[in-house]
Amino acid sequence: MIRRFGPRLALVTAIAVTCAAPAVSAQQAEPAPKPGRLINAGDVLSGELNAMKARGGKRDKRIAFYQIKSEPRRLPPPSGLCNLETGPETFQLITSSDAQTAQLKGFIGKAISIKVDEVACAQDAGQMSEAVVTKWSVVTKH
């Protein structure tokens with residue numbers, strides 16, 4: 001029984017090396033992901049609008065907030081990539097009035113484009129997005 005162990009071990013090792021070699025070369029062949037396009041004040045951000053609810057505020061009420069899922073974007077310096085490899089892909093929209101909230105409700109689950117006036121990386125623990133858009137306006141309705 002001991003005499004057969006050597007050839008079997010050699011065969012298993014050869015198969016393992018053969019199977020592992022393409023995986024290693026495939027990992028090395030992938031280029032590093034490129035950062036997204038730069039987004040400045042006045043630029044248009046497009047994507048699907050999602051609504052989420054979280055507890056917070058006074059008396060721990062349920063608060064609705066809105067999020068756009070888009071392609072990766074870079075923010076203006078000093079924010080840059082928000083400590084992400086390609087930049088933020090999810091942008092939380094901060095509503096400053098009931099009119100803005102009502103305007104967004106009709107676009108939930110649909111594509112929307114907004115003009116960004118102020119954007120920054122998410123830093124608070126309660127923020128569910130990678131970046132926060134504090135001042136914005138709807139550009140097109142899809």
Side-chain angles (χ1 to χ4, degrees), residues 1 4-142:
M1 182 164 150
R4 294 184 197 170
F5 182 72
R8 288 181 184 170
L9 179 62
L11 179 64
V12 170
T13 304
I15 291 173
V17 168
T18 305
C19 292
V24 170
S25 63
Q27 287 178 353
Q28 293 172 351
E30 287 182 21
K34 293 183 181 178
R37 294 184 336 212
L38 181 65
I39 186 166
N40 290 312
D43 287 351
V44 174
L45 178 67
S46 298
E48 183 181 344
L49 182 69
N50 298 314
M52 300 179 165
K53 292 191 177 191
R55 295 208 177 265
K58 295 180 181 177
R59 299 184 186 134
D60 204 27
K61 293 169 80 177
R62 288 184 66 134
I63 300 171
F65 66 92
Y66 301 92
Q67 180 184 70
I68 290 182
K69 175 119 172 70
S70 180
E71 77 240 4
R73 302 294 290 264
R74 283 183 298 139
L75 303 185
S79 298
L81 299 176
C82 296
N83 296 325
L84 300 167
E85 207 169 300
T86 59
E89 293 181 17
T90 56
F91 298 83
Q92 181 177 347
L93 300 179
I94 303 296
T95 54
S96 58
S97 67
D98 291 336
Q100 280 186 329
T101 304
Q103 189 178 26
L104 291 177
K105 281 187 180 178
F107 297 113
I108 296 172
K110 299 177 184 172
I112 187 172
S113 296
I114 62 164
K115 182 178 125 186
V116 175
D117 292 325
E118 284 186 18
V119 63
C121 293
Q123 296 180 355
D124 295 338
Q127 293 171 331
M128 302 278 203
S129 300
E130 299 161 346
V132 178
V133 181
T134 52
K135 292 186 180 176
W136 53 270
S137 59
V138 174
V139 176
T140 57
K141 300 178 180 183
H142 296 280

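Values in this document were obtained by computation on a predicted structure and should not be read as measured data.
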I need the minimum non-hydrogen distance between [X] and [Y], along with the two atoms involved.
{"X": "E89", "Y": "P72", "value": "OE2-CG, 3.6 Å"}
{"X": "L38", "Y": "R73", "value": "O-NH2, 3.7 Å"}
{"X": "I68", "Y": "G47", "value": "CG2-CA, 3.8 Å"}
{"X": "N50", "Y": "K69", "value": "ND2-CB, 4.5 Å"}

query: Does W136 use its side chain to pair, donor to acceptor, with the backbone of V119 at less than 3.5 Å?
result: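 Not confirmed, W136 side chain does not pair with V119 backbone.
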- request: Return yes if some donor-acceptor pair links the side-chain N/O of S129 with the main-chain N/O of V132 below 3.5 Å, else return no.
  value: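 Such a contact is absent between S129 side chain and V132 backbone.
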task: Give the C-alpha distance, both sets of side-chain angles, the deciding distance and a yes or no for side chain to side chain contact (heavy atoms under 4.5 Å, CB included) between M52 and Q92.
output: CA-CA 10 Å; M52 300 179 165; Q92 181 177 347; over 6 Å; no
Going from [atom1] on [X] to [atom2] on [Y], what distance comes out if it is rounded to the nearest 0.5 angstrom?
{"X": "E48", "Y": "I108", "atom1": "CD", "atom2": "CD1", "value": "11.0 Å"}
{"X": "F65", "Y": "T95", "atom1": "CZ", "atom2": "OG1", "value": "11.0 Å"}
{"X": "Y66", "Y": "T101", "atom1": "OH", "atom2": "OG1", "value": "5.5 Å"}
{"X": "S137", "Y": "I114", "atom1": "OG", "atom2": "CD1", "value": "8.0 Å"}

task: Determine whether more than 12 heavy atoms belonging to other residues, nucleotides or ligands lie under 6.0 Å from atom CG of D98.
output: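 Counting neighbours around CG of D98, 12 or fewer heavy atoms of other residues, nucleotides or ligands fall under 6.0 Å, so no.
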field: side chain to side chain contact (heavy atoms under 4.5 Å, CB included) partner of V116, chosen from D43, I39, V139, L75
entry: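 Of the listed residues D43, I39, V139, L75, the side chain to side chain contact (heavy atoms under 4.5 Å, CB included) partner of V116 is I39.
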